[in-house]
Amino acid sequence: MKKRIDVIANEESYNNLSTFTDIEELNKTVRVYRDTIRMSIKRKDVQAKLIALLEVLKRHSCKQIGMSYMCKNTIADKLEVSYKTVQRLMKKLEDLGMIRQVPMKRKKDMMQTANAIIIQPVKDEMSDKAPVKESKKCPAIKTTTVFLKQNIKNNKRKAVAQFSQVDNSPESTLKQVNFVAHWVPGVFSNLVGSFYEKAETIQEFWKVIKQCNRVVDYSINKRAFTREQEIAIGTKAFKEFAMKVKNGVRMHKGQFAYFNGIVNKLMNKFYFDGNFMAE
């Protein structure tokens with residue numbers, strides 16, 4: 001018995017099914033999945049086909065980031081394999097938890113159309129998986145003294161070449177440093193730093209909070225909230241923002257504009273909260 005199809009294929013549905021906020025996050029996820037496939041799949045030919053399928057899905061998942069809606073015949077043509085092979089590869093990626101397929105129907109006739117194929121974000125449990133054990137039945141490779149000496153010479157040459165290419169100058173080292181500015185509170189910096197690596201991004205989130213904290217007395221330049229209250233509101237606002245991102249909310253005007261709305265809403269609420277303002 002066929003399952004009922006509830007999702008209609010349209011722009012809104014595709015946007016709601018998108019699982020990533022930017023392309024870089026999608027690329028990182030696919031890189032992790034490639035390594036996982038190499039570790040967990042023994043057959044080299046299957047490895048190559050799974051990775052090739054993942055790359056095709058990634059390249060066609062840029063409009064709605066992480067989600068594509070190619071039919072399996074099109075994918076089969078791109079990979080130069082049969083329709084049945086694509087079905088088996090899709091099933092394998094689903095079993096590995098890397099993709100999810102959502103059945104779709106056309107709006108005009110309510111008949112089934114190509115499935116939405118969603119690349120899933122990396123789960124924390126994946127990093128805890130034990131590496132695949134090597135088979136103990138493999139015979140030992142016999143090596144001669146000449147072979148070992150040649151290997152040692154080659155390794156030395158490679159090491160010297162790699163070391164000569166490394167730029168250890170102070171200027172190069174300083175360019176790689178990613179410090180957060182001193183005016184961003186440590187508590188807020190640590191929280192946002194759990195989700196974003198770049199210092200500029202962390203600083204932009206704090207600037208939003210500072211801009212939302214309006215001046216209420218221009219004669220003494222007094223703002224509505226103290227620094228401690230700013231930190232409390234900012235922490236609460238970012239946690240709410242993180243949950244919205246996790247739930248896949250579309251931020252049409254950008255992440256900072258969306259965060260600005262959350263902060264403004266909380267500041268309007270707490271400004272009339274006597275207990276909070278008394279702290």
Side-chain angles (χ1 to χ4, degrees), residues 5-33 54 56-70 98-108 110 113-123 180 184 188-189 191-214 224-225 230-271:
I5 301 174
D6 295 317
V7 186
I8 297 173
N10 57 31
E11 193 80 14
E12 184 181 358
S13 299
Y14 295 145
N15 288 333
N16 290 335
L17 290 171
S18 177
T19 49
F20 296 91
T21 54
D22 55 62
I23 299 293
E24 182 56 34
E25 188 183 350
L26 173 62
N27 290 338
K28 286 180 181 178
T29 298
V30 172
R31 285 196 290 270
V32 171
Y33 285 159
L54 204 55
V56 168
L57 295 177
K58 183 192 80 172
R59 287 200 302 270
H60 290 80
S61 300
C62 296
K63 185 177 180 181
Q64 284 83 22
I65 304 175
M67 201 282 302
S68 58
Y69 38 88
M70 277 189 299
M98 297 178 183
I99 67 167
R100 180 167 67 94
Q101 296 189 74
V102 177
M104 310 288 283
K105 60 184 177 183
R106 292 186 290 268
K107 186 177 181 180
K108 60 181 179 181
M110 293 299 168
T113 184
N115 291 346
I117 305 167
I118 305 160
I119 299 175
Q120 299 293 89
V122 177
K123 294 180 181 177
V180 178
V184 180
F188 186 81
S189 175
L191 174 63
V192 182
S194 303
F195 299 88
Y196 295 92
E197 294 179 359
K198 291 186 177 180
E200 292 85 353
T201 306
I202 299 170
Q203 289 161 194
E204 282 300 320
F205 276 110
W206 182 249
K207 284 179 183 177
V208 171
I209 296 165
K210 295 296 291 183
Q211 289 166 2
C212 290
N213 188 11
R214 297 180 179 86
F225 299 96
E230 282 181 342
I231 295 171
I233 292 171
T235 303
K236 188 176 180 66
F238 189 80
K239 287 178 180 178
E240 185 177 332
F241 172 81
M243 289 303 298
K244 296 292 185 183
V245 172
K246 186 176 179 182
N247 291 334
V249 174
R250 298 295 295 174
M251 302 176 185
H252 300 291
K253 294 183 179 180
Q255 59 183 5
F256 297 116
Y258 195 90
F259 183 66
N260 185 89
I262 295 174
V263 174
N264 265 326
K265 184 178 177 181
L266 287 176
M267 285 190 172
N268 290 337
K269 173 186 173 183
F270 285 122
Y271 188 72

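Below, each value reflects all heavy atoms present in this structure, side chains not excepted, and no hydrogens, waters or symmetry copies.
Between Leu266 and Lys236, the closest side-chain pair of non-hydrogen atoms falls below 4.5 Å. Taking the side chain as every heavy atom from C-beta outward, Trp206 and Glu230 approach each other to under 4.5 Å. With a 4.5 Å cut-off on side-chain heavy atoms, Gln64 and Leu17 do not count as touching. Between Asn27 and Phe20 there is no side-chain heavy-atom pair separated by less than 4.5 Å. Residues Thr235 and Leu191 have side chains in contact (heavy-atom distance under 4.5 Å, counting atoms from C-beta outward). Residues Val245 and Phe195 have side chains not in contact (no heavy-atom distance under 4.5 Å, counting atoms from C-beta outward).
The local environment of OH in Tyr271 is sparse, with at most 12 non-hydrogen atoms from other residues, nucleotides or ligands closer than 6.0 Å. The number of heavy atoms from other shown groups lying within 6.0 Å of CZ (Arg214) does not exceed 12. Crowding of Lys105 atom NZ: a count of heavy atoms from other residues, nucleotides or ligands under 6.0 Å exceeding 12.
In terms of heavy atoms, Leu26 sits closest to Ser61 at CD2-O, 3.8 Å. The heavy-atom pair separating Val263 from Ala237 by the smallest distance is CG2-CB, 3.7 Å. Counting all heavy atoms, side chain and backbone alike, Ala224 lies closest to Asn213 at N-OD1, 3.3 Å. Across all non-hydrogen atoms, the minimal contact from Cys212 to Asn260 is SG-OD1, 3.3 Å. Looking at every heavy atom in both residues, Ile8 comes nearest to Met110 through CD1-CE, 3.9 Å.
Distance alone, capped at 3.5 Å, is enough to place a donor-acceptor pair between the Tyr33 side chain and the Gln120 backbone. Between the side chain of Thr19 and the backbone N or O of Ile119 there is at least one donor-acceptor pair closer than 3.5 Å. Remark: side-chain polar atoms of Ser18 are not paired, donor with acceptor, to backbone N or O of Met67 under 3.5 angstrom. With Asn247 contributing its side chain and Met243 its backbone, the two residues share a donor-acceptor pair below 3.5 Å.
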- Stepwise side-chain contact (heavy atoms from CB on, under 4.5 Å) check, Ile231 with Phe225: CA-CA 10 Å; Ile231 295 171; Phe225 299 96; over 6 Å; no
- Message: Let's go through Ile262 and Phe238 carefully: what are the C-alpha distance in whole Å and the side-chain angles of both, what is the deciding distance for side-chain contact (heavy atoms from CB on, under 4.5 Å) to 0.1 Å, and is it a yes or a no?
- Response: CA-CA 8 Å; Ile262 295 174; Phe238 189 80; over 6 Å; no
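How far CZ of Phe259 is from CE of Met251: 10.5 Å, rounded to the nearest 0.5 Å. Taken from CD1 in Ile118 to CZ in Arg100, the straight-line distance is 4.0 Å, to the nearest 0.5 Å. Note that OG1 of Thr29 and CE of Met98 are 11.0 Å apart. Values are rounded to the nearest 0.5 Å. Within the model, atoms CD of Gln211 and CD of Glu204 stand 8.0 Å from one another, a figure rounded to the nearest 0.5 Å.
Every pair passing salt bridge (Lys or Arg N to Asp or Glu O under 4.0 Å) that includes a residue from residues 17-32 is listed here, sequence neighbours excluded: Glu24-Arg31, Lys28-Glu197.
Using a 30° and 60° split on the angle between ring planes, Tyr258 and Phe241 fall in the tilted class, from 30° to 60°. Taking the six-membered ring for Trp and thresholds of 30 and 60 degrees, Phe205 and Tyr196 have ring planes inclined between 30 and 60 degrees apart.
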